[in-house]
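Take a look at the structure below.
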Amino acid sequence: MLYSKTLLHFKIMKKIKTSLLAIAAVGLSVMFPSKTDACTRVVFIGDSAQVITGRTLDWKSNIPTNLYVYPRGIEKSGYVDGQLKWTSKYGSVVAVGYDMGVSEGLNEKGLVVNLLYLPNSVYQLPDGDTRVKLSTALWASFVLDNFATTKEAVEYLKQDLIQIVAPSMPDGSSTTLHMAISDNTGYSAIIEYIDGKLQLNEGYDCDVLTNAPPYEEQVAINSYWESVGGMNMLPGTNRSTDRFARASFYIKAVPKNSSHAMALAGVFGVIDNCSVPVGIEVPGKPEMSSTRWRSCADQRDLVYYFKPTIDPSVMWVDLHDYNLNPGSPIMKLDMMNGQVYGGNVKKDMQKSKGFTPVMELSDLTK
């Protein structure tokens, strides 16, 4: 037994040593990451058409978040100039930070959109930009309102007709973001803007997203950890690249034939593994930020689960409980003042006029 353990240790160390050149190529991103705030998103694809997208929302300060259910038929404008307008085709439940911008959501067709922080995103083209503008506050809503599948969304977005505008948040932080989309088949897409140019990746293998560096570099770094093998060693820090490696390994470990309850437990377990404990606030290192809330979107049964870190229980919104026909009221779950909820929150929802999205920096002073 001692010999076997020693031999295994030797093989692991040999594999690590022979990969040193690969580490040198990508290691700067791991050892000296950009200043990033931590979020993690994963997609589980199981048997019986089970698809669940989970994520953490991590930030250096608390982000008060409300939940809204929007019916179809709502007229919206993407920016103050009013050039981009649409009427929602699909109803959805959305999480709205500061009551100003949508962080993520699930629509009635099982499409999920998650926005995660990506520092140094540049949305404007360097030689001038004539595309219609869309605030990050409504970026997720635009996709949820207009598309039923990931491929539908990709077909539109790859035309690159829109310039994303990133107004600052109330705490002064930039809203430079990248987008993850997944539908009820588990097909995903990652949308990023690098130097003003659209970067798009799609496929069933786009099942994990964290923060910096951009997605394709994350995948390259993770290939090293895949060669090591997650049962042998996984990186354990709060860095974005480490969380990407852990999430990639663990989401594939959740049994495909899990029951509905076990699948949900598995996805929550994966995002819990990538969460950052309360109290991890390192000055000058915003990438070490506490998890503020977690969510899981059940794309088969159309139930959105939400769990604030300070809340002892999970709450959920079942879209089947709401009238999503045009003319139906917008419903709001108010959590801005630290209210605590649990279970199905239908009885706690109140009619609302909807939130007012932040469009540009001047909106914060109004």
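As the structure is a computational prediction, the values presented were derived from the model and not from experiment. Numbers here simply count residues along the sequence, with the first being 1.
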- Query: Mind checking whether Ile190 and Tyr193 sit in one hydrophobic cluster, side chains of I, L, V, M, F, W, Y counted as touching below 4.5 Å?
  - Reply: no
Give every donor-acceptor pair under 3.5 Å between a side-chain atom in residues 261-273 and any protein atom, sequence neighbours left out.
residue: Asp272; atom: OD1; partner: Arg294; partner atom: NE; Å: 2.8
residue: Asn273; atom: OD1; partner: Arg246; partner atom: NE; Å: 3.0

- Message: If I take atom CG from residue Leu302 and atom OG from residue Ser92, how far apart are they, to the nearest 0.5 angstrom?
- Response: 11.5 Å
- Item | Arg243 side-chain N/O to Thr237 backbone N/O, donor-acceptor pair under 3.5 Å | no
- For Ser77 and Tyr79, indicate whether the former's side chain and the latter's backbone hold a donor-acceptor pair under 3.5 Å. yes
- Message: To check you understand the geometry: which heavy-atom pair defines the closest contact between Asp242 and Gly236, and what is its length?
- Response: OD2-N, 4.0 Å
- Is Lys332 salt-bridged to Asp99, going by a charged N under 4.0 Å from an acidic O? yes
- In Å, rounded to the nearest 0.5 Å, how long is the span from OG of Ser313 to OH of Tyr341? 12.0 Å
- Message: Is the shortest side-chain heavy-atom distance between Leu144 and Val94 below 4.5 Å?
- Response: yes
- Task: Start with the C-alpha gap between Asn201 and Glu216, add the side-chain angles, then the distance that decides, and say whether side-chain contact (heavy atoms from CB on, under 4.5 Å) holds.
- Result: CA-CA 8 Å; Asn201 290 272; Glu216 290 184 357; 3.3 Å; yes
- Heavy-atom check, side chain of Tyr322 versus side chain of Val93, under 4.5 Å: no
- Query: How far apart are the C-alpha atoms of Leu134 and Val165, what are their side-chain angles, what is the distance that settles it, and do they pass the side-chain contact (heavy atoms from CB on, under 4.5 Å) test?
  - Reply: CA-CA 6 Å; Leu134 173 62; Val165 179; over 6 Å; no
- Taking atom types as modelled, find out whether Asp58 and Ser289 have a side-chain donor-acceptor pair closer than 3.5 angstrom. no
- Please answer whether the main-chain N or O of Ile74 pairs with a side-chain N or O of Ser88 as donor and acceptor at a distance below 3.5 Å. yes
- Query: Do you know which two heavy atoms are closest between Ile52 and Cys296, and how far apart they sit?
  - Reply: CG2-CB, 4.1 Å
- Note on the structure: CG (Leu209) and OG (Ser240) are apart, to the nearest 0.5 Å, by 8.0 Å
- Message: I'd like to check the side chain to side chain contact (heavy atoms under 4.5 Å, CB included) partners of Glu202; sequence neighbours left out, ordered by chain and number.
- Response: Val154, Tyr187, Ala189, Leu200
- Item | Verdict with reasoning, Asn344 to Asp321, per side-chain hydrogen bond (donor to acceptor under 3.5 Å, both in side chains) | CA-CA 10 Å; Asn344 190 324; Asp321 291 338; 2.9 Å; yes
- Applying side chain to side chain contact (heavy atoms under 4.5 Å, CB included) to Thr176 and not counting sequence neighbours gives Tyr117, Ser121, Tyr123, Ser174
- Item | Pairwise side-chain contact, Tyr215 with Leu118, heavy-atom cut-off 4.5 Å (strictly under) | no
- Message: Is it the case that the side chain of Gln299 and the backbone of Ser182 share a donor-acceptor pair, with hydrogens and angles ignored and the cut-off at 3.5 Å?
- Response: yes
- Message: Closer than 3.5 angstrom, by distance alone: can the side chain of Asp298 be matched with the main-chain N or O of Arg300 as a donor-acceptor pair?
- Response: yes
- Query: Does a side-chain heavy-atom distance below 4.5 Å link Leu333 with Asn66?
  - Reply: no
- Message: Could you see if Phe142 belongs to whatever hydrophobic cluster contains Tyr68? Use Ile, Leu, Val, Met, Phe, Trp, Tyr and a side-chain cutoff under 4.5 Å.
- Response: yes
- Give a yes or no on this: more than 12 heavy atoms of other residues, nucleotides or ligands lie within 6.0 Å of atom NZ of Lys256. yes
- Message: With side-chain hydrogen bond (donor to acceptor under 3.5 Å, both in side chains) as the rule and sequence neighbours excluded, what pairs involving residues 131-140 come up?
- Response: Asp129-Arg131, Arg131-Asp160, Thr136-Thr175
- Value for CD1 (Ile330) from CE (Met349), rounded to nearest 0.5 Å, stands at 12.0 Å
- Task: Please say whether more than 12 non-hydrogen atoms of neighbouring residues, nucleotides or ligands are located less than 6.0 Å from CG in Leu161.
- Result: yes
- Query: Think Lys76 forms a cation-pi with Tyr70, using NZ or CZ under 6.0 Å from the six-ring centre and within 45 degrees of its axis?
  - Reply: yes
- Is Gln50 reaching over with its side chain to a backbone N or O of Ser258, donor-acceptor style, under 3.5 angstrom? yes
- From Asn107 atom CG to Asp145 atom CG, the distance as rounded to the nearest 0.5 Å: 8.5 Å
- Does Phe355 share a hydrophobic cluster with Val113, counting links as ILVMFWY side-chain heavy atoms below 4.5 Å and allowing steps through other members? yes
- Query: Do Phe244 and Val219 have side chains that get closer than 4.5 Å, going by heavy atoms?
  - Reply: yes
- Ignoring hydrogens and angles, tell me if any N or O in the side chain of Asn325 forms a donor-acceptor pair with the backbone of Gly327 under 3.5 Å. no
- Between Ser290 (side chain) and Pro277 (backbone), is there a donor-acceptor pair under 3.5 Å? yes
- Message: Strictly distance-based, threshold 3.5 Å: is any side-chain N or O of Glu152 a donor or acceptor partner for the main-chain N or O of Thr150?
- Response: no
- Task: Measure across Thr65 and Ala95 and return the closest heavy-atom pair with its distance rounded to 0.1 Å.
- Result: CG2-CB, 3.9 Å
- Query: Taking a hydrophobic cluster as the set of Ile, Leu, Val, Met, Phe, Trp and Tyr residues connected by side-chain heavy atoms closer than 4.5 Å, whether directly or through intermediates, do Val69 and Val112 fall within one such cluster?
  - Reply: yes
- Nearest heavy atoms of Pro213 and Ile221, plus distance in Å: CG-CD1, 4.2 Å
- Item | Steps toward ring-ring contact (aromatic ring centres under 6.0 Å, His included) verdict (Phe306, Trp293) | CA-CA 7 Å; Phe306 188 86; Trp293 50 260; 4.8 Å; yes
- At their closest point, which heavy atom of Thr149 faces which heavy atom of Asp183, and how far apart are they? CB-OD2, 3.7 Å
- Note on the structure: Residues passing the side chain to side chain contact (heavy atoms under 4.5 Å, CB included) test with Asp207, sequence neighbours excluded, are Val43, Ile251, Lys252
- Between Glu104 and Arg55, is there a salt bridge with N-O shorter than 4.0 Å? yes
- Message: As an exercise, state the distance from OG1 of Thr210 to CG of Asn238, rounded to the nearest 0.5 Å.
- Response: 12.0 Å
- Task: Identify, with sequence neighbours excluded, every residue that meets side chain to side chain contact (heavy atoms under 4.5 Å, CB included) alongside Glu155.
- Result: Lys158
- Quick one: does Leu116's side chain get under 4.5 Å of Met179's, heavy atoms only? no
- Message: Taking the side chain as everything from C-beta on, heavy atoms only, tell me whether His260 gets closer than 4.5 Å to Ser48.
- Response: no
- Do the side chains of Ile162 and Met359 join up, straight or via other hydrophobic residues, at under 4.5 Å, putting them in one cluster? yes
- Query: Taking all non-hydrogen atoms of both residues, which atom of Gly97 and which atom of Ile63 are closest, and how far apart?
  - Reply: CA-CG2, 3.9 Å
- Message: As a quick check of understanding, evaluate side-chain hydrogen bond (donor to acceptor under 3.5 Å, both in side chains) for Arg41 and Ser295, giving each step before the final call.
- Response: CA-CA 9 Å; Arg41 166 266 193 189; Ser295 71; over 6 Å; no
- Item | Sidechain-backbone polar pair: Glu108 side chain, Gly91 backbone, donor-acceptor under 3.5 Å | yes
- Is the closest side-chain heavy-atom distance between Phe249 and Met231 below 4.5 Å? yes
- Query: Should the heavy atoms of other residues, nucleotides or ligands under 6.0 Å from CD of Glu75 be counted, would the total exceed 12?
  - Reply: no
